[in-house]
Amino acid sequence: MPRLFVALTIPPDVAGTLAALVPPELPGVRRIAPELLHVTLAFLGATPEERVPAVVDAAGAAARGGAPFRIGIERVGRFPPGGRVRVVWAETAEGAEAILRLGGRVREELERRRLPYDPTPLRPHVTLARVREEVGPDEAPRISVATASLPVPAGLGFEATAIDVMESVLGPRGPRYSSRARLPLGGRAGAG
């Protein structure tokens, strides 16, 4: 069964800049490869192959009701905001409301078709790195301090023009993503 999610993909030049924000010398951090960076709108997980067309239909209906918009990256932060750091992320401040509306439409269309998805509330962001479980008490504060001071280039962002139904294949070297369908905002569906 394919493992699916619906997302806004990030242009390669912006993804490369975002991936480079996390310093290579930061201990205990597993950086996300630039080609894997995205903004999740809905995570479905394992989905029967015969239900994939319904997922594409749901995402297409949501996309047709939207319009292109700008996403701007303004700062780097962490999840959770207190305690042990688990994720280093980039905040999508500009465009956050549009992401929330679009994600809400995607989720409504999935529900309409009785397609299960992770109901965790949507938080517009791009995951840049995950902190390894074995990070010790000496390294954790260093990660917190470093993520609080990472500079983001002024004007970093991109135009969101489509959403993708993505398939994630897990492997020993990490996941690989491929688009099952690319759905233009305000337009018609296309194959990925």
Please table the atom pairs, donor to acceptor, closer than 3.5 Å between any side-chain atom in residues 42-54 and protein atoms at least two apart or in another chain.
unit_1 : atom_1 : unit_2 : atom_2 : d
Thr47  : OG1    : Gly45  : O      : 2.9
Glu49  : OE2    : Arg180 : NH2    : 2.5
Arg51  : NH2    : Arg113 : O      : 2.7

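There is a path of hydrophobic side-chain contacts, each under 4.5 Å, that joins Leu156 to Val39. Trp89 and Leu150 fall into different hydrophobic clusters, where Ile, Leu, Val, Met, Phe, Trp and Tyr side chains are chained together by heavy-atom contacts under 4.5 Å. Under a hydrophobic clustering in which Ile, Leu, Val, Met, Phe, Trp and Tyr are joined whenever their side-chain heavy atoms come within less than 4.5 Å, directly or via other members, Ile163 and Val14 fall into the same cluster. Val106 and Tyr177 fall within the same hydrophobic cluster, defined by Ile, Leu, Val, Met, Phe, Trp and Tyr side-chain heavy atoms under 4.5 Å apart, directly or through other members. A single hydrophobic cluster is not seen to contain both Val22 and Phe79; linkage of ILVMFWY side chains at heavy-atom distances under 4.5 Å, directly or through other members, places them apart.
Note: Thr161 OG1 to Leu183 CG = 11.0 Å, rounded to the nearest 0.5 Å. Atoms CD1 and CG, on Ile99 and Leu8 in that order, are 6.0 Å from each other to the nearest 0.5 Å. In this structure, CD1 in Ile32 is found 8.0 Å from CG in Leu128, a value given to the nearest 0.5 Å. Taking CG of Leu122 as the reference point, atom CZ of Arg107 lies at 5.0 Å (rounded to 0.5 Å). Between the OG1 atom of Thr92 and the NE2 atom of His125 there is a distance of 8.5 Å, given to the nearest 0.5 Å. Rounded to the nearest 0.5 Å, atoms CG (Leu100) and CZ (Arg123) are 10.5 Å apart.
Minimum heavy-atom separation, Ala162 to Pro184: CB-CA, 3.8 Å. The two atoms that bring Ala19 and Pro34 nearest to each other are CB-CG, 3.6 Å, heavy atoms only. When every heavy atom of Ala58 is checked against every heavy atom of Leu115, the shortest pair comes out as CB-CD1, 4.5 Å. For Val29 against Ala129, the heavy-atom pair with the smallest separation is CG1-CB, 3.2 Å.
With contacts defined as side-chain heavy-atom distances shorter than 4.5 Å, the pair Thr9/Arg182 qualifies. For the pair Leu36 and Arg31, the minimum side-chain heavy-atom distance is 4.5 Å or more. Here the side chains of Glu94 and Phe69 are not in contact, with every heavy-atom distance at 4.5 Å or above. A heavy-atom distance below 4.5 Å is not found between the side chains of Leu18 and Phe158. At a threshold of 4.5 Å between non-hydrogen side-chain atoms, the residues Pro153 and Ile73 do not count as touching. You'll find the side chain of Leu102 reaches within 4.5 Å of the side chain of Leu185, heavy atoms only. Annotation: side chain of Met166 is in contact with side chain of Phe5 (closest heavy-atom distance under 4.5 Å).
Salt-bridge annotation for Arg112 and Glu109: present, with a side-chain N of the basic residue lying under 4.0 Å from a carboxylate O of the acidic one.
For Arg132, the salt bridge (charged side-chain N to carboxylate O under 4.0 Å, His left out) criterion is met by no residue, not counting sequence neighbours.
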Evaluate the criterion side-chain contact (heavy atoms from CB on, under 4.5 Å) for residue pair Val88 and Arg78; output intermediate values, then yes/no. CA-CA 5 Å; Val88 178; Arg78 54 170 277 188; 5.6 Å; no
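Checked by atom type and distance alone, the side chain of Ser179 pairs as donor or acceptor with a backbone atom of Ala181 at under 3.5 Å.
Arg70 CZ: more than 12 foreign heavy atoms inside a 6.0 Å radius.
Summarising the hydrophobic clusters (Ile, Leu, Val, Met, Phe, Trp, Tyr; side-chain heavy atoms under 4.5 Å, direct or chained), the residues clustered with Met1 are none.
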